[in-house]
There are 2 protein chains.
Amino acid sequence: MIGRRTAIRLSDGRELIYFDEHPATDRTGTPDTRDLPPPPPTAQLRYDPLVDEWVAVAAHRQTRTFLPPSDKCPLCPSTPDFASEIPAPDYDVVVFENQFPSFSDRVAPDEAAALTDLVPVKPGIGRCEVVCFTSDHTSSFGALPPQRVRTVLDALADRTTEMSALPGVVQVFPFENRGVEIGVTLSHPHGQIYAYPTVPPRTAAMLSAARRHISRTGRNLYADVLAAERKAEIRIVGTNEHWTAFVPAASRWPYEVHVAPHRHVPDISALTAEERDAFAPLYLDVLRRFDGLFDKPMPYIAAWHQAVTTGSDRDLGYLHLQLFSIRRAADKLKYLAGSESAMGAFVNDIEPERAAELLRNHQA
Amino acid sequence: MIGRRTAIRLSDGRELIYFDEHPATDRTGTPDTRDLPPPPPTAQLRYDPLVDEWVAVAAHRQTRTFLPPSDKCPLCPSTPDFASEIPAPDYDVVVFENQFPSFSDRVAPDEAAALTDLVPVKPGIGRCEVVCFTSDHTSSFGALPPQRVRTVLDALADRTTEMSALPGVVQVFPFENRGVEIGVTLSHPHGQIYAYPTVPPRTAAMLSAARRHISRTGRNLYADVLAAERKAEIRIVGTNEHWTAFVPAASRWPYEVHVAPHRHVPDISALTAEERDAFAPLYLDVLRRFDGLFDKPMPYIAAWHQAVTTGSDRDLGYLHLQLFSIRRAADKLKYLAGSESAMGAFVNDIEPERAAELLRNHQA
C-alpha cells in the first residue's frame with residue numbers, strides 16, 4: 001500500500017521517514033533548515049530491587065514541548081513561516097526519532113556503576129519514534145480513511161521490523177495516547193513507538209502466564225482467551241473475517257476493547273495484506289463507538305502488544321491492540337489512586353458486559 | 001494515646017468507631033438518625049488470565065458521592081441541619097465502613113461460576129473503611145498536631161489488628177489520596193483502609209523479590225535497601241532515632257519518599273509507643289516540604305505497605321510508608337500514559353537525587 005518510502009536525516013542527525021501513498025512523491029527537495037542542538041543522551045535505567053523492575057530516569061524530558069499554539073505545531077508540515085519537525089510542505093504518514101526520547105543509542109560518557117549494591121544501572125539503549133497519522137492538525141485517528149489506516153499499519157510494520165533488529169531491543173511497542181485528559185502534550189494526531197531495552201513489567205506478567213498455560217495445555221494463552229470470548233459472544237463489540245473486537249472479561253478500565261487477529265501472529269509485520277486491510281473498518285468502527293459513548297472525544301490509550309523480538313518467548317506472544325479509556329462517565333474520569341498506583345490492585349466501576357452492550361448499541 | 005474507643009452502628013448496619021483523645025468523651029448519646037438504604041453487595045473479583053491478576057468489578061461505586069458542597073460534607077460532624085456519616089457533633093479521629101466499598105462481607109445471592117473457563121470469579125470478601133483525621137473540613141494531614149498523628153497511627157494499628165483477623169483477608173492497606181488531581185472526590189481530610197481478599201500485584205512482586213533475596217543472603221530485602229540508603233546518604237530527606245525518610249534510588253514517581261522504621265516490623269500494630277511518637281515530627285516535616293516544593297498543596301498518595309496477614313510470607317514484609325506525587329512541575333502533572341498504563345514501564349523525568357536535594361533544601 002505504501003507508494004514510496006523516503007528516509008532523510010533531520011539537522012541534528014535524527015532519522016525521519018516519509019511513508020507516501022503515491023509512488024511519484026518526491027521528498028528529496030526539502031531538507032531540514034533548522035539549526036538544532038544535538039539531541040540529549042538516553043535515559044538511565046535503574047533497577048528497583050523491591051519489585052524486580054527497571055525504571056527509566058530521563059531528566060531531559062522535563063523540557064519537552066507542551067501544548068504549543070497550532071501555528072507552531074512541530075507535527076504539522078513546515079510552512080514558509082515555521083519550520084516544524086517535518087521539513088516537507090505536506091505528508092501522508094511520517095515517522096521520526098523523538099526529540100525528547102526516553103530511549104536512544106546516545107549514551108552519556110559518565111554512564112556508570114551501581115547507585116548502591118542493590119541498584120545496578122545501565123544506559124537505556126533503545127529508540128523512541130513519533131508517528132504522524134495525517135498532516136491535518138485537527139483530525140483524529142478515528143476520522144482517517146481506511147486506506148490511511150492501512151498506510152499507518154504498513155509504517156508500523158516497517159518500524160517493527162527495523163527496530164526489532166537494533167542491538168539490545170527486546171520489544172517494540174507502538175501506541176497512541178489521545179486526549180489532554182491522559183496528558184497528551186501535542187494535539188496533532190500522532191502515535192509513538194518505544195523500542196524497549198528491557199522486558200516491560202506487563203509483558204513479563206503476560207509471558208509468565210502464557211508460559212504456564214502452554215506447559216499445561218500445549219496451547220497459546222491469548223488464542224484460547226480469544227476463542228473463549230468468540231464463543232461466549234456477550235462481550236463482543238464487533239467482528240469480521242480476520243479480526244474480533246471484544247471487552248476482556250476481567251477488564252480493569254471502565255471502557256476497554258481488545259482488537260485481535262484470528263490468526264496467531266507475533267507482530268504487525270507478520271500480518272498479511274488482507275489482514276491489514278480488514279483491520280481498518282473494524283477499528284474505525286470501534287473508535288467511533290468510543291467517541292459516541294459520551295458524545296465527545298474519548299481520551300484513550302491504544303497499545304499494540306507485540307511478541308518480544310527474540311528467544312523462545314517470542315512464540316508466546318500474540319499480537320493484539322488494547323484500546324482503553326479512563327473516562328467512566330460523561331463528567332468523570334477513572335483516576336489511578338492508592339489501590340491502583342501503590343498496590344496495582346484495580347477496581348473497575350463498569351461491568352465489562354455492560355461496557356460491551358453500550359458500545360454495541362451505539363449507532364456508530 | 002487513645003483516651004477512649006467507642007464503636008457504634010450506623011443506621012444501615014455499618015460499623016463506626018470513634019477514637020477520642022480524652023477518656024471522658026461520651027459518644028453514646030448521638031445515634032445515626034438517617035434512614036439509609038441497605039449497603040450494596042461487595043464487588044466481584046474476576047481473574048485476568050492474561051496477567052495472572054484479580055480485578056474487582058464494583059458497578060455500584062459509579063453512584064458514589066462526588067465533591068459535595070462543604071455544608072453537605074459526609075465527613076464533617078453532623079449538625080442540626082445536616083446528618084453526615086458521623087452522628088456526633090464533633091470528633092478527633094473516626095473510622096467507619098465505606099458506604100460504597102470495593103470489598104465487604106455482603107455477598108450478592110447470584111455470585112456464581114466462571115465467566116469463561118479461563119476467567120473464574122469469586123466474591124470480593126474484605127472490608128473498606130474511611131478514616132477521618134480531623135473534624136476540620138479545611139485542614140490537611142500535614143497541618144495536624146503531632147498528638148493527632150499519633151492518634152491516627154493508633155487507630156490504624158487498631159484497624160490493622162481487627163481487619164487482619166477477618167476471614168479471607170490477606171493484607172490490610174491504609175492509605176491517603178490527597179488532591180483533586182488524583183481524583184479525590186471528598187476534600188475533607190481523610191484516608192482509607194482496604195482489607196484485600198487477594199494479594200495485590202505490587203505486593204506479590206515485592207514478595208517474590210524479598211523471597212529471592214532472603215534465600216540468597218539470609219537477610220530481609222527492605223532492611224538491606226534501607227541500610228544502603230542510610231549509608232549512601234545522598235537520597236535521605238530526613239531522619240530521627242526511629243525513622244528515616246528517603247527517595248528510593250529507582251523512584252518511579254517525580255517526587256517519592258519512603259518513610260521507614262529502623263526496626264523490622266510487619267505492620268503499624270507492631271510499632272512501639274515510642275516509635276509511633278517519633279513518626280509524627282518526621283512525616284509532618286516531609287509533608288510540609290512536599291507542599292513547599294511548588295508553593296501549593298501537593299497532590300499525593302500516601303501508602304502504608306504492611307506485611308501480609310498470615311503464612312510464611314509475613315516475615316518478608318517490612319512496614320514502610322510510600323509517599324508520592326504525580327506533580328512534576330508547578331504546572332505539570334505526570335500522567336500514566338501508554339508506557340506506564342499499558343506496559344507498566346515507568347519513565348521518571350526527575351532524577352531521584354535531585355528530588356531529594358530539592359526536598360532537603362526547602363525551608364519546611
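Below, read A as the first sequence line, B as the second, and so on, with proteins coming before strands; counting in each chain starts at 1. A quick note: this is a predicted structure, and the numbers were derived from the prediction, not measured. Just so you know, these numbers use all the heavy atoms, side chains as well, and skip hydrogens, waters and symmetry mates.
- The two residues A:Phe175 and B:Gly338 have their closest heavy-atom pair at CD1-CA, 3.8 Å.
- The shortest heavy-atom contact between B:Leu336 and A:Ile301 is O-CD1, 3.9 Å.
- Ranking B:Gly344, B:Ser208, B:Ala342, B:Ala345 against chain A, the residue ahead of the rest is B:Ala342, based on heavy-atom pairs under 4.5 Å.
- For the options A:Arg212, A:Lys231, A:His213, heavy-atom pairs under 4.5 Å to chain B are most numerous at A:Arg212.
- Annotation for A:Ser339 and B:Tyr196: closest pair OG-OH, 2.6 Å, computed over non-hydrogen atoms.
- Interface residue B:Leu50: backbone and side-chain heavy atoms are both found under 4.5 Å from chain A.
- Within the 4.5 Å cutoff, no side-chain heavy atoms of A:Ile326 are placed close to those of B:Ser341.
- The closest side-chain heavy-atom distance from B:Pro201 to A:Phe346 is not below 4.5 Å.
- Put simply, of A:Asp117, A:Asn348, A:Asp48, the one with the most heavy-atom pairs under 4.5 Å next to chain B is A:Asn348.
- Using a 4.5 Å cut-off on side-chain heavy atoms (C-beta onward), B:Val225 and A:Pro49 make contact.
- For chain A, no part of B:His320 is nearby; none of its heavy atoms comes within less than 4.5 Å.
- The line from CG of B:Asp349 to OG of A:Ser102 is 7.5 Å long, rounded to the nearest 0.5 Å.
- For CD1 of A:Ile234, the number of neighbouring non-hydrogen atoms (other residues, nucleotides, ligands) closer than 6.0 Å is 12 at most.
- Note on B:Glu229, B:Met343, B:Arg202: by heavy-atom pairs under 4.5 Å with chain A, the leading option is B:Met343.
- Only the side chain of B:Asn177 comes within contact range of chain A, judged by heavy atoms closer than 4.5 Å.
- Within the 4.5 Å cutoff, no side-chain heavy atoms of A:Val57 are placed close to those of B:Arg354.
- Although no hydrogens or angles enter the test, the distance criterion places no donor-acceptor pair under 3.5 Å between the side chain of A:Arg252 and the main chain of B:Val55.
- Interface residue A:Gln322: only side-chain heavy atoms are found under 4.5 Å from chain B.
- Side-chain atoms of B:Arg235 and A:Leu115, non-hydrogen and from C-beta on, do get closer than 4.5 Å to each other.
- Residue with the most contacts toward chain A among B:Ile182, B:Leu207, B:Thr198: B:Ile182 (heavy-atom pairs, distance under 4.5 Å).
- Shortest non-hydrogen contact noted between A:Arg46 and B:Ala250 is CB-CB, 3.8 Å.
- In this structure, chain A has no heavy atom under 4.5 Å from any part of B:Glu176.
- Both the backbone and the side chain of B:Glu351 come within contact range of chain A, with heavy atoms under 4.5 Å apart.
- Contact of B:Ser251 with chain A is made through the backbone alone, with heavy-atom distances under 4.5 Å.
- The parts of B:Ala249 that come within reach of chain A are both its backbone and its side chain, each placing non-hydrogen atoms under 4.5 angstrom from that chain.
- Among A:Pro254, A:Ala209, A:Ala337, A:Ala228, the residue with the largest count of heavy-atom pairs under 4.5 Å with chain B is A:Ala337.
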